[in-house]
Amino acid sequence: MPARTFPQGFLWGAATSAMQVEGGGAGNDWAEWEQEPGRIHDGSRVGDGCGWWAGRAEDDLALAASLGHNAHRLSLEWSRLEPEPGRFDDAAFARYAQILDALARLRLRAVVTLNHFALPRWAAAQGGWAGEAMVARFARYAAECARRLGSKVALFATLNEPSVLALVGYGLGHWPPGKTNLAEGCRALANMLRAHAAAREAMRTAAPHALVGLVLNAPLLDPARPRSVLDRAAAAAQDFFMTGAIVHALQTGLLVPPLLSARALVPGLRGSLDWLGVNYYGRYEVQFDPAAPALFRHVQRGSIKSGRSDWGQVAPRGLTRQLVRLSALRVPLYVTENGVRDEADLIRPRYLVDHVAAVHDALRSGADVRGYFHWSLIDNFELAEGWSSKFGLIELDRRTGRRTVRESARVFERICRANALPD
Ligand code: GAL
């Protein structure tokens, strides 16, 4: 008898995003961004990605099914589906329908994010998320997706990690649109939450049975010196921006400062979740530092890092803590991303097992967790990191296109097949 069994029907799988695996999309803001010198740290380009748009999606998803997965999280590329404002592309919808049909044949439940960071160029040119006009545009796109693809999708997510995009794209300028204005980041985050609420309403009209959620990034942010009031305040402020403000908005329907200068009620935001996705990578120790640009530094030891990115210290208990905390929203929770940059697959097997155990701990504490998706299925274009940060359960040789199943994928397979963490 396995020690730690998961509820029946628990979803096991991996996550990907359109821009990171499809290749060949020239219509989004990342296609322009990667051309600018220095934007992609290793100088690489997305190129033909993992070849998913051209036909490899089906092979990789078949590989996922053969590795015991029963679900997959993917995203749709807005710039393909709506190449010009208000003009929807039938051929692009047909290609996604084909991929979703393949998932159904493979008995993989489809979890579909409508927008995972990349914006159509036309939307970016009109100010992106910093402008309120995006709210209605996104709702129109979301309704079209629900109408055309809703019958093939188990769970829809509107947006991926709004606070990360607001911070990294509009506050720090490391991703498109490359703005370095935190106030604009707050405006962008407020508009993304408005867009989520408007999209959810429009989707439920277009496809009444659609289950619509939102995906949050919920890192664990601890004060570096627990007795320091300033460290505690810095950690709390950061947590509020990343997670707390969104949770509050979803609970009350209110956007509060610093997201807006004065609080405002957003129609439809309260109760706008059928489920919540939680992305969790690691833990940060936040130290107040008046000399640092944002008044704090991350000082934890043993972080998973590349030259410029920091995914935090490996700390599975943080996942338990966040899942228990987010239970306050009273909707089913799914771990929609969790993973580690590890080309040699030295850390990933243990990381995976320990985080699945952390999910089980959350279940035991009463959290209603219904699935776990590892980031990622296959090595892919890791945003500003380019191709050199490797998160895949499957290794990709970009030169030959060859796929090699990593040891961690086998470890995960045993978990998926047993629906349990075997002793
Ligand atoms: C997440 C993001 C993914 C992936 C991952 C690893 O924040 O949603 O697209 O890049 O981080 O860095």
Side-chain angles (χ1 to χ4, degrees), residues 13-23 25 28-30 33-34 39-42 44 46 49-50 52 72-78 111-119 157-172 174-176 189 192 213-221 241-243 246 276-284 303-314 318-319 322 334-343 347-348 351-352 355 372-394 396 408:
T16 52
S17 94
M19 186 267 288
Q20 296 175 264
V21 294
E22 286 180 353
N28 67 38
D29 50 358
W30 278 86
W33 184 255
E34 67 170 15
R39 294 303 197 189
I40 309 300
H41 306 166
D42 63 4
S44 61
V46 71
C50 307
W52 277 33
H72 185 77
R73 173 176 177 236
L74 73 166
S75 79
L76 307 179
E77 175 55 47
W78 187 358
V111 178
V112 173
T113 308
L114 297 179
N115 182 235
H116 193 121
F117 299 149
L119 285 184
T158 51
L159 297 167
N160 181 66
E161 299 186 351
S163 55
V164 174
L165 178 56
L167 178 71
V168 182
Y170 295 79
L172 302 173
H174 298 163
W175 293 350
L189 180 51
M192 284 188 260
L214 177 68
V215 172
L216 301 188
N217 183 299
L220 188 62
L221 293 152
F241 183 84
M242 291 301 291
T243 317
I246 304 181
L276 182 75
V278 182
N279 293 355
Y280 178 84
Y281 287 84
R283 170 181 181 269
Y284 301 84
S303 244
I304 301 292
K305 276 187 176 174
S306 68
R308 289 200 239 174
S309 304
D310 184 351
W311 288 269
Q313 185 186 64
V314 178
L319 178 55
Q322 294 294 39
Y334 292 82
V335 177
T336 34
E337 284 182 33
N338 169 242
V340 62
R341 170 191 198 268
D342 178 21
E343 179 167 13
I347 307 169
R348 190 174 294 104
Y351 180 100
L352 209 156
H355 283 82
Y372 171 91
F373 293 83
H374 193 78
W375 183 273
S376 181
L377 178 61
I378 181 164
D379 292 341
N380 56 48
F381 185 74
E382 178 46 44
L383 309 166
E385 292 286 306
W387 285 95
S388 41
S389 278
K390 304 196 191 279
F391 280 80
L393 292 169
I394 299 166
L396 171 69
S408 49

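Every number for a ligand or one of its atoms is a count from 1 in the order of the listing. Note that the coordinates shown come from a computational prediction; the quantities given were computed from them, not determined experimentally.
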For a quick check under 3.5 Å, do His174 and Ser309 share a side-chain donor-acceptor pair by atom type? no
Return the set of residues passing ring-ring contact (aromatic ring centres under 6.0 Å, His included) with [X] (not counting sequence neighbours), or none when no residue passes.
| X | answer |
| --- | --- |
| Tyr351 | His355 |
| Tyr170 | none |
| Tyr284 | His298 |

Spacing of Glu22 atom CD and Leu74 atom CG [to the nearest 0.5 Å]: 8.0 Å
Hey, which of His72, Arg73, His116 is the one that makes side chain to side chain contact (heavy atoms under 4.5 Å, CB included) with Thr16? His72
Close residues, ligand 1: non-hydrogen atom nearer than 4.0 Å: Gln20, His116, Phe117, Asn160, Glu161, Tyr281, Trp311, Glu337, Trp375, Glu382, Leu383, Phe391
